[in-house]
*Asks:* 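Just dropping this structure here.
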Amino acid sequence: MKILGIESSCDECSAAIVEDGKILSHIIASQIPLHAKYGGVVPELASRAHIVDIVEVLRGAFKEASVDPSEIDGVAVTQGPGLIGSLLVGLEAAKAFAYARNIPLVGVHHTEGHLLAPLLDTAQGMAKPGFPFMGLVVSGGHTNLIAVRGVGDYESIGQTLDDAAGEALDKVGKMLGLPYPGGVQIDRLSVGGNRERYQFPRALPQHDNFDFSFSGLKTSVATQLRKMGSMPEGQELADLCASALEAVVDTLARKTIRAAKKIGAQTVVVAGGVSANRRLRERLTEDCKNNKILLSIPPLKLCTDNAAMIAGLGQYRLRSLIESGAKFDAFDLQPRPGWRLV
Ligand code: KG4
Ligand code: ZN
């Protein structure tokens, strides 16, 4: 089965073709340079850029895969959550393609796509996940711990009560005068930094609490900056980045391992943009090894927003709809900007 996947929930316009779990092509047009000068994603600009990019991105996916549109068996598209204007562009493109070719259409959940991305591919040296696994979804919009007992069988174990981990890093980056997205810059600058130089808060440390809160970290960094009097540079900036990142990574790692043990999971899956972070990968590799838990993280291209994970998930959904005899999504499918997975 050849599935066309389309993703346009935020600032990445992406299309991919997946055949029976194998990625035949994968195109991503990132809008990061467009939004960088505003320090964050501007929804109206994002949806306009998707309109400009979508046809070329689709053409690119067919060209890279050497697949003719007539060979596609079904279309999967991100239905939510995300920015409504951005979601609409991908949805309309998916509907038009499926309608013109008279093939099934499924709207899928973006976070579920991230969560199951390692079933499609894992980074070198990482384990293929087996069920049940503890999923940590960490991106600019989400910080969730989800028990995954099978495709479609999810239980929420914990979530952020305020900012998402990526959002907090982006905001700290902004305070430090770093270009957007701050999370990526903090990752880069932290490499030579001393992560113990500044003690930033670890919120909700209780053993039985699996929720997250990152707003205190922002306040604490702001207080530290005020104390310093001038914008840190050089080693001081590196130390500040490494210490702020450590507060996020320490909290994520501790709670994830505890949550995995709580549900008896032998694998931890980390997905979403922040899973690209070097220190998070290093720390989780260490902690998983010490606790005899396997770690599964997708390759970098499948960590941030991408259509391959959407096509991969679409494949499961289409198969199960065919097997159960249930109906595919109709061509009046609407975006679901606030859609919750669990
Ligand atoms: O999954 P994603 O591409 O989009 C959302 O669905 O939000 O995640 C984007 C987030 C941003 O907050 C960005 O700063 C963060 O992921 N991010 C990183 C790294 N790469 C992306 N944060 C820390 N280290 C990175 N290497
Ligand atoms: Zn995402």
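Just so you know, ligand 1 is whichever comes first in the structure, and atom 1 is the first atom listed for that ligand.
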*Asks:* With a sphere of 6.0 Å drawn around NZ of K128, does it hold more than 12 non-hydrogen atoms of other residues, nucleotides or ligands?
*Replies:* yes
*Asks:* Evaluate whether atom CD of Q206 has more than 12 neighbouring non-hydrogen atoms of other residues, nucleotides or ligands under 6.0 angstrom away.
*Replies:* yes
*Asks:* If you look at every heavy atom in N306 and T304, which pair is closest and at what distance?
*Replies:* ND2-O, 2.8 Å
*Asks:* Side chain or backbone of N277 under 4.0 Å from ligand 1, or both, or neither, by non-hydrogen atoms?
*Replies:* both
*Asks:* Decide, yes or no, whether a salt bridge links K174 with D170 under the criterion of side-chain N to carboxylate O below 4.0 Å.
*Replies:* no
*Asks:* Nearest 0.5 angstrom please: S30 OG to D53 CG, how far?
*Replies:* 9.5 Å
*Asks:* For ligand 1, indicate whether the residue T304 contacts it via side chain, backbone, both or neither (heavy-atom separation under 4.0 Å).
*Replies:* both
*Asks:* Does any donor atom in the side chain of H50 or D11 lie under 3.5 Å from an acceptor atom in the other side chain?
*Replies:* no
*Asks:* Tell me, please: is R278 in heavy-atom contact with ligand 1, that is, under 4.0 Å?
*Replies:* no
*Asks:* Checking only N/O/S atoms, does H142 have one that is under 2.8 Å from the Zn ion (ligand 2)?
*Replies:* no
*Asks:* Can you pull out the closest protein heavy atom to atom 21 (C) of ligand 1? Residue, atom name and distance to 0.1 Å, please.
*Replies:* G273 O, 3.3 Å
*Asks:* Within a distance under 4.0 Å of any heavy atom of G166, pick out the atoms of ligand 1 and give their elements.
*Replies:* 12 (O)
*Asks:* Using the ring of F212 (Phe, Tyr or Trp, six-membered ring only), decide whether K255 places NZ or CZ under 6.0 Å from its centre and within 45 degrees of its axis.
*Replies:* yes
*Asks:* So is there a nitrogen or oxygen of C303 less than 3.5 Å from a nitrogen or oxygen in ligand 1?
*Replies:* no
*Asks:* Ligand 1 and G140, any nitrogen or oxygen pair closer than 3.5 angstrom?
*Replies:* yes
*Asks:* Heavy atom of H114 under 4.0 Å from ligand 1?
*Replies:* yes
*Asks:* Is ligand 1 less than 4.0 angstrom away from at least one heavy atom of G141?
*Replies:* yes
*Asks:* Would you check if the distance from the ring center of F97 to the ring center of Y99 is below 6.0 Å?
*Replies:* no
*Asks:* May I ask you to check if any N/O/S atom from C10 comes under 2.8 Å of the Zn ion (ligand 2)?
*Replies:* no
*Asks:* Pairs of nitrogen or oxygen atoms closer than 3.5 Å, one from G272 and one from ligand 1: do any exist?
*Replies:* no
